[in-house]
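In what follows, a single structure is set out as structure tokens and then discussed.
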Amino acid sequence: MSEKTMFKLQLPTDPFWVKNVVESNIEELLTDHAFCEQKAASNAITLIVQNPELSDLVQEMAELVKEEMDHFKRVHDIILQRGYTLGRERKDDYVNELIKFLKKGGGQAKKTESLVDRLLFAAMIEARSCERFKVLSDNVEDQELSEFYHELMISEANHYTLFISLARKYGEGVDVDQRWKEWLDYEGKVIQNYGKKETIHG
């Protein structure tokens, strides 16, 4: 099953992104990827801080933090092995555009909607990251990176499934499937402007 079918992503990544952009600056890609993992861990911590009463969510996010930081270290290990140095954190314009679509508000009903949206926001990033990792794995000449990104592609798919499941579990009164479709439509417009930089979402 293709990632486009699996996640219903509106626009697949052109493999030329790897050939024409990524392979000319692997160091930049790795630095950006490392910080993507760190931000994913930070997002999981934020979900814990904002929802301490949801014990199952707290447990799942605690495990996720460990996994994302393990990925961060593994990317950093590759950076060091290649004689590179982790650069400064890169701005992620793609994620910042997704943030604009998040629902916010007070009251219990709005709090539920806000939580569902935060979980779907995370699922959206995992889905696109998984799709990008597959394109990297299938097209990069570097065998070590091809195998590494294939492994992480599977992990990201599991994270996507986790966030969708949590949205359904805690989304009482919210049409989660309809809202996910809205996220897919929005992301389909946003992603049209990306695929030109040597970053995971760029």
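For clarity, every value in this text was computed on a predicted model and none was experimentally measured.
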*Between Lys73 and Asp77, does at least one N-O distance fall below 4.0 Å, as a salt bridge requires?*
yes
*So does Lys66 pair up with Asp70, basic N to acidic O under 4.0 Å?*
no
*asked:* With no hydrogens and no angle check, just 3.5 Å: does a side-chain donor-acceptor pair link Ser155 and Glu67?
replied: yes
*Going by an N to O cut-off under 4.0 Å, is there a salt bridge joining Lys39 and Glu89?*
yes
*Determine whether the aromatic ring centres of Phe148 and His71 lie less than 6.0 Å apart.*
no
*Gln178 atom CD, over 12 foreign heavy atoms within 6.0 Å*: yes
*So which of Arg128, His201, Glu97 actually passes side chain to side chain donor-acceptor pair (under 3.5 Å) with Tyr194?*
Glu97
*asked:* Nearest 0.5 angstrom please: Glu187 CD to Leu120 CG, how far?
replied: 13.0 Å
*Any donor and acceptor pair, going by atom type alone, linking the side chain of Tyr170 with main-chain N or O of Leu57 inside 3.5 Å?*
yes
*Would you check if the distance from the ring center of His76 to the ring center of Phe35 is below 6.0 Å?*
no
*Return yes if some donor-acceptor pair links the side-chain N/O of Asn25 with the main-chain N/O of Glu198 below 3.5 Å, else return no.*
no
*For the side chain of Thr31 and the backbone of Leu86, is there at least one donor-acceptor N/O pair under 3.5 Å apart?*
no
*Do the side chain of Ser129 and the main chain of Ile125 share a donor and acceptor less than 3.5 angstrom apart?*
yes
*Under the 3.5 angstrom rule, does the side chain of Arg90 hit a backbone N or O of Arg88 as a donor-acceptor pair?*
yes
*Could you tell me whether the side chain of Asn139 and the main chain of Val18 form a donor-acceptor pair under 3.5 Å?*
no
*Assess whether atom NZ of Lys196 is packed by more than 12 heavy atoms of other residues, nucleotides or ligands within 6.0 Å.*
yes
_Short side-chain to backbone donor-acceptor contact, Ser137 and Phe133, under 3.5 Å_ = no
*Does a donor on one side chain sit under 3.5 Å from an acceptor on the other, for Asn51 and Arg118?*
no
*Is it true that Lys19 and Glu141 have a side-chain N and a carboxylate O under 4.0 angstrom from each other?*
yes
*asked:* Consider salt bridge (Lys or Arg N to Asp or Glu O under 4.0 Å). Of Glu144, Glu151, Glu68, Glu37, which one does Arg74 pass it with?
replied: Glu151
*Verify, without hydrogens or angle tests, whether Glu131 (side chain) and Thr13 (backbone) share a donor-acceptor contact under 3.5 angstrom.*
yes
*Using modelled atom types only, decide if a donor and an acceptor are shared between the side chain of Ser146 and the backbone of Asp142 within a distance under 3.5 Å.*
no
*With a 3.5 Å cut-off and no angle check, do the side chains of Glu63 and Gln59 form a donor-acceptor pair?*
no
*Within the side chain of Trp17, is there an N or O that forms a donor-acceptor pair under 3.5 Å with the backbone of Lys197?*
yes
